[in-house]
Chemist: 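Let me give you the structure first, and then I'll get to my questions.
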Amino acid sequence: MLNYEDARALVFQNIKPLGKYTCPLTESQGLALSDDILAPHSIPSFDNSGVDGYAVQAKDLAEASLINPILLQNLGYIAAGDFANEIMHSGQCMQIATGAPLPEGANSVVMKEDIKIEGSQIRFTRLIQEKENVRYRGEDIPEGDKIIPAGTVIGPAQIATLATFGFSQVPVHRVPKVSIVSTGSELIDIVGKPSEGQIRESNRFMLAGMVRQEYCEILKISMVPDLPEVLTDAFEEALKADVTLICGGMSIGEKDFAKYLLKELGVMEIFWKIKFKPGKPLFFGHRGKTRVFGLPGNPASSYVLFEEFVRPALRKMMGRRVLEESMVKATLETPITKTYNRLHFMRGLLHEENGEFRVRPLKFQGSHSIGSIVASNALIRVEADSPSIPAGSKVSVRPLRNEIN
Ligand code: AMP
Ligand code: MG
């Protein structure tokens, strides 16, 4: 059976970023840039004032002090969006707004709070360094700088930067279209009232939610009973996507038809079963350009497998550089006494105390446990055949995006 690292390597080997296109900036949040972005010009693009105040020549105020105030002639006011039409000479100053272009001849700006108006003259009582309160052309981002590397996901900071430089359209990767099929004759819809032996289906909505967290597109989600003809039709439809998630029926039960039917439909197996808990029966395969994950139906299994296999796979298809949240080291608060001959990703509670991460595994770790996914915000990595781990040990933890009260 494959171990976790080898299985993940096989997934990454079999996934390539999707094609590129140009997208309006205002619709680009969550997509990954397909090209490096270079600064087409400097920012700031002109020398301007960093404060509301008075543009001066610093040398005019070299002797200024409370007992030796200096008066300069005020030539007028430069508002943001305006510019001065005259050159400022020694003995003169100009009132200026934050962001307004520095008048020619000035080399620093005295804050409004530090002056007194005396008719058409301004009284200065402090000296000022050259360049003080001036934002110089190119000091923030010089022209030609690589401001955002390819593969970066576009968020508010990138949108602001791209807008500043006038990119109304941005080069991005296409996101995968994902189909989800939940299988199981015991499953009923949310609004249904389960009769004996039935349960409400939850995985397709959970998985769709996780797909949406990555800004990928949901092509179709469906729920079908364990009837080979019905499963075949649903799978065929779902295989039109870039990524097909089949949930349930992946193991060796009498009604676990999924793997067999996928093969009948021409899906090539890359691997099936991994030395991992929860979620040993993970299946990964492909048909043409479609990548197929077969996830076990147990909710905690499919949740954890999505985090560790499907999410990074989606991100790689999206052309993202960062495929997952980094693991952190945390101090274990309660011991882990039960270990397995498979790598175990335990659901846990991570929190920060005095600048240090601390984590506590949940008591109930059943792979069917919905309670464990709603109550956890982290996965604790426990190696296969590990001796029991005492409280106080440092463990590797994957933080999860889940709000816990
Ligand atoms: P399976 O992987 O099909 O053997 O299912 C394993 C367990 O997960 C069973 O207890 C199923 O009832 C449950 N299960 C399967 N699919 C779902 C689903 N989509 N939503 C919630 N529970 C499920
Ligand atoms: Mg089933």
Side-chain angles (χ1 to χ4, degrees), residues 1 7 178-213 218-235 237-239 241 243-265 267 269 271-285 292-311 340 342 344-345 347 362 364-376 402:
M1 220 186 297
V178 183
S179 281
I180 301 166
V181 187
S182 277
T183 71
S185 295
E186 76 281 25
L187 306 174
I188 65 161
D189 213 344
I190 308 179
V191 290
K193 209 170 169 13
S195 45
E196 194 166 349
Q198 294 185 323
I199 57 168
R200 288 194 192 90
E201 198 283 338
S202 55
N203 287 345
R204 72 190 196 280
F205 302 117
M206 172 185 83
L207 295 169
M210 296 170 101
V211 169
R212 287 197 192 98
Q213 284 178 329
I218 305 281
L219 200 58
K220 185 165 185 187
I221 66 174
S222 56
M223 171 177 82
V224 285
D226 295 315
L227 299 169
E229 322 78 72
V230 185
L231 290 166
T232 300
D233 289 350
F235 290 177
E237 175 76 20
L239 285 166
V243 175
T244 302
L245 304 180
I246 307 289
C247 184
M250 282 298 151
S251 198
I252 50 170
E254 292 300 316
K255 300 273 181 183
D256 286 350
F257 301 124
K259 205 168 83 59
Y260 167 77
L261 293 175
L262 286 172
K263 281 196 175 159
E264 291 277 288
L265 288 169
V267 174
E269 174 181 319
F271 64 79
W272 178 50
K273 287 194 174 170
I274 53 172
K275 280 181 72 177
F276 186 78
K277 185 176 167 59
K280 181 167 80 172
L282 175 66
F283 171 91
F284 178 60
V292 183
F293 289 92
L295 305 169
N298 275 318
S301 297
S302 45
Y303 185 77
V304 174
L305 289 174
F306 188 100
E307 286 298 341
E308 295 303 314
F309 289 85
V310 184
R311 192 187 295 280
Y340 298 85
R342 292 178 272 158
H344 190 189
F345 270 54
R347 278 126 283 149
L362 299 188
F364 192 59
Q365 293 285 336
S367 50
H368 57 294
S369 168
I370 287 267
S372 75
I373 66 180
V374 76
S376 61
N402 186 36

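Throughout, numbering of the chain's residues begins at 1 and tracks the sequence. Remember, it's 1-based here, ligands and their atoms both numbered in the order they're listed.
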Chemist: Please state whether Arg204 comes within less than 4.0 angstrom of ligand 1, counting heavy atoms only.
Modeler: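 Outside the 4.0 Å threshold, so no.
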Chemist: Could you report the tightest heavy-atom contact between Ala234 and Val224, atom names first, then the distance?
Modeler: CB-CG1, 3.8 Å
Chemist: For atom 11 (C) of ligand 1, grab the closest protein heavy atom and report residue, atom and distance to one decimal in Å.
Modeler: Glu186 OE2, 3.0 Å
Chemist: How far is atom 10 (O) of ligand 1 from the closest protein heavy atom, and which atom is that?
Modeler: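 Residue, atom and distance for the closest contact: Asn298 OD1, 4.2 Å.
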Chemist: Can you tell me the protein heavy atom closest to atom 17 (C) of ligand 1 and the distance?
Modeler: Asn203 ND2, 3.4 Å
Chemist: Hey, which of Phe283, Phe235, Phe284 is the one that makes side chain to side chain contact (heavy atoms under 4.5 Å, CB included) with Val292?
Modeler: Phe283
Chemist: With sequence neighbours left out, write down each residue that passes side chain to side chain contact (heavy atoms under 4.5 Å, CB included) with Asp233, or none if nothing qualifies.
Modeler: none
Chemist: Quick check: does Gly297 get an N/O under 3.5 Å from an N/O on ligand 1?
Modeler: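 It does: an N or O of Gly297 is found under 3.5 Å from an N or O of ligand 1.
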Chemist: Atom 4 (O) of ligand 1: which protein heavy atom is closest, and how many Å away?
Modeler: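 The closest heavy atom on the protein side is Asp256 OD1, 4.1 Å.
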Chemist: Pair Phe205, Ile221 - check side chain to side chain contact (heavy atoms under 4.5 Å, CB included), show working.
Modeler: CA-CA 8 Å; Phe205 302 117; Ile221 66 174; 4.0 Å; yes
Chemist: Suppose we measure from atom 19 (N) of ligand 1 to each protein heavy atom; which comes out shortest, and what is that distance?
Modeler: Glu201 OE2, 2.7 Å
Chemist: Kindly write out the residues that satisfy side chain to side chain donor-acceptor pair (under 3.5 Å) with Glu186, not counting sequence neighbours, or none if the list is empty.
Modeler: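 Counting only residues at least two positions away or on another chain, Glu186 forms no side chain to side chain donor-acceptor pair (under 3.5 Å).
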Chemist: So is Ser202 close enough to ligand 1, meaning a heavy atom under 4.0 angstrom away?
Modeler: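 For ligand 1, residue contact (heavy atoms, under 4.0 Å) with Ser202 is present.
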Chemist: Does Ser182 approach ligand 1 within less than 4.0 angstrom via side chain, backbone, both or neither, non-hydrogen atoms only?
Modeler: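 Looking at Ser182 and ligand 1, just side chain atoms fall under 4.0 Å.
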Chemist: Where do Ala258 and Ile246 come nearest, in terms of heavy atoms and distance?
Modeler: CB-CG2, 4.2 Å
Chemist: Could you check atom 22 (N) of ligand 1 against the protein and tell me its nearest heavy-atom contact, residue, atom and distance included?
Modeler: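 Here the closest protein heavy atom is Ile199 CD1, 3.5 Å.
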Chemist: If you take all heavy atoms of Leu295 and Ser302, which pair is closest and at what distance?
Modeler: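 In terms of heavy atoms, the two residues are closest at CB-CB, 4.0 Å.
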Chemist: Short N/O distance, under 3.5 Å, between Gly249 and ligand 1?
Modeler: yes
Chemist: Classify the side-chain pair Ser376/Arg347 by whether it contains a donor and acceptor separated by less than 3.5 Å.
Modeler: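 Side-chain D/A pair, Ser376 to Arg347: absent.
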